[in-house]
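Report on one structure; see the data block that follows.
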Amino acid sequence: MILVTGGAGFIGSNFVLDWIASTDEPVVNLDVLSYSGNLRNLASLQRNARHVFVHGDIRDRPLLDRLLADHQPRAIVHLAAESHVDRSIHGPGAFLHTNVEGSFVLLEAARAHWSGLAAGRRESFRFLHVSTDEVFGSLEPEAPAFTETHAYDPSSPYAASKAASDHLARAWHRTYDLPVVTSNCSNNYGPYHFPEKLIPLTIVNALAGEALPVYGDGLQIRDWLHVGDHCRALRAVLERGRVGETYNIGGGNELANIDTVRRVCALLDELQPDPAGPYERLIRLVADRPGHDRRYAIDTRKIERELGWRPTETFETGLRKTVQWYLAHADWVREVQSGSYRDWVAQNYATRTPGPA
Ligand code: NAD
Ligand code: DAU
């Protein structure tokens with residue numbers, strides 16, 4: 001049995017689905033179901049006895065103690081977080097509460113549980129702390145990609161809160177010997193991605209004939225990794241990663257945002273052409289994100305060398321599958337766009353006057 005936090009979110013639900021499909025081991029999935037958590041992502045597991053969903057907060061220590069005592073997981077995969085940079089700019093408080101305080105409460109509960117285990121189970125226990133490349137800050141155009149020892153230099157409240165949680169997780173290993181392994185991953189994309197993030201936002205806006213907002217000059221570079229490859233990497237880190245170590249995970253797909261948006265448009269032109277013309281006509285350059293990091297790139301040599309992991313999807317194959325998934329799941333999109341989603345879009349883009357691309 002493993003305990004996954006945030007398993008109803010984008011990466012979490014992909015991870016849980018992948019785990020159930022590729023192992024025999026049950027999962028307890030603890031998620032507070034914030035705006036980005038969606039049980040519909042896990043609908044296929046409704047009658048699966050190996051998936052136990054618990055609605056709750058990682059800051060709820062009595063709940064954590066009860067879950068750990070009842071289910072005796074051999075590992076915790078910690079994904080629960082506030083994850084959107086733009087939201088962290090509008091309201092940083094929630095990011096500190098969940099990403100910093102929540103990780104602290106979870107680490108403390110894990111430590112209490114792990115300390116009470118019998119010797120063999122203590123040795124094999126793992127706490128996998130899932131983090132981001134954003135903790136490293138921005139890279140110059142020609143600078144080498146982030147290695148695991150790159151200095152931390154977070155730019156956004158989101159990145160700073162994740163950096164803080166990384167420091168806590170490592171300190172809990174050094175000070176208390178808690179068997180922590182950390183991963184820092186680049187931008188994911190794929191099914192169940194909440195459409196506040198660049199790729200799904202572009203797909204859903206294009207299909208609705210709405211503007212495709214690109215921040216600043218659109219030349220910021222992100223390294224895209226298909227979420228399925230991230231899930232396989234997390235399984236490898238959990239099973240074979242060395243305790244106390246960090247593993248960087250990335251797709252080797254460095255692309256300027258404007259090119260990413262153009263690629264999505266080209267795929268949509270092919271798969272669901274708009275009689276009004278090519279989707280690129282909808283691209284608009286809008287006001288930049290404050291503190292916007294210019295470039296991320298990940299050096300994946302360590303995880304390749306030590307754990308034998310490498311991505312299986314190219315950006316071409318992964319993006320095509322992703323666009324096809326969104327075209328086939330209009331009902332999922334409709335559901336997540338109801339409620340507070342519209343308020344967020346209005347708030348985030350209200351002051352971003354669009355200009356031509
Ligand atoms: P997401 O926003 O889609 O999902 C986060 C999940 O956490 C949601 O289901 C939400 O309900 C849950 N959650 C939030 N606060 C909680 C709380 N207090 N208690 C319990 N559950 C809570 O995010 P995501 O994109 O799936 O990211 C998952 C993790 O991976 C995060 O830690 C993020 O920092 C990290 N990460 C994401 C990416 C990416 O590109 N999306 C890349 C690298 C690392
Ligand atoms: O790098 C890993 C990180 O990737 C994760 O830690 C975060 O949880 C995840 O949200 C993602 O962060 P980004 O800020 O890179 O993702 P986002 O999709 O918000 O933006 C991707 C790029 O596109 C970024 O440079 C900002 C830009 N962008 C984004 C939006 C929403 C636009 O140009 N227009 C937009 O409307």
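Read the numbers this way: they start at 1 and go in the same order the structure lists the ligands and their atoms. Heavy-atom basis, side chains included; hydrogens, waters and symmetry copies ignored.
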Nearest protein heavy atom to atom 19 (O) of ligand 2, by residue and atom, and its distance?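 Here the nearest protein heavy atom works out to Arg289 NH2, 2.9 Å.
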Which of these, Asp31, Leu225, Val130, has its nearest heavy atom closest to atom 9 (O) of ligand 1? Asp31
Are any of the N or O atoms of Gln220 closer than 3.5 Å to those of ligand 2? no
What do you reckon, does Leu201 have a nitrogen or oxygen under 3.5 Å from a nitrogen or oxygen of ligand 2?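 No: no nitrogen or oxygen of Leu201 is under 3.5 Å from one in ligand 2.
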Describe, in one word, how the ring planes of Phe146 and Tyr296 are oriented to each other, choosing from parallel (under 30°), tilted (30 to 60°) and perpendicular (over 60°). tilted
Checking contacts here: is it the side chain or the backbone of Ser186 that comes within 4.0 Å of ligand 1, counting heavy atoms only? Could be both or neither. backbone
Please work out whether any backbone atom (N, CA, C, O) or any side-chain heavy atom from C-beta onward of Asn99 is under 4.0 Å from ligand 1, and answer side chain, backbone, both or neither.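 Neither; nothing of Asn99 gets under 4.0 Å from ligand 1.
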Hits for salt bridge (Lys or Arg N to Asp or Glu O under 4.0 Å) against Asp299, two or more places apart or cross-chain, chain-then-number order -> Arg301
Treating Ile, Leu, Val, Met, Phe, Trp and Tyr as nodes and any side-chain heavy-atom pair under 4.5 angstrom as an edge, say whether Val4 and Val28 lie in one connected cluster.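 No, because Val4 and Val28 fall into different hydrophobic clusters, even though each may have its own neighbours under 4.5 Å.
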Interfacing atoms of ligand 2 (cut-off 4.0 Å, heavy-atom, His84): 19 (O)
What part of Ser186, side chain, backbone, both or neither, has a heavy atom within less than 4.0 angstrom of ligand 2?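 For Ser186, the contact with ligand 2 is made by the backbone alone.
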Is the distance between the ring centroids of Tyr341 and Phe194 under 6.0 Å? yes
Centroid-centroid under 6.0 Å between Tyr35 and Trp344 rings: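 Not under 6.0 Å, so no.
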Should Asp259 and Arg222 count as an ion pair when the cut-off is N to O under 4.0 Å?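 The answer is no: the pair does not qualify as a salt bridge.
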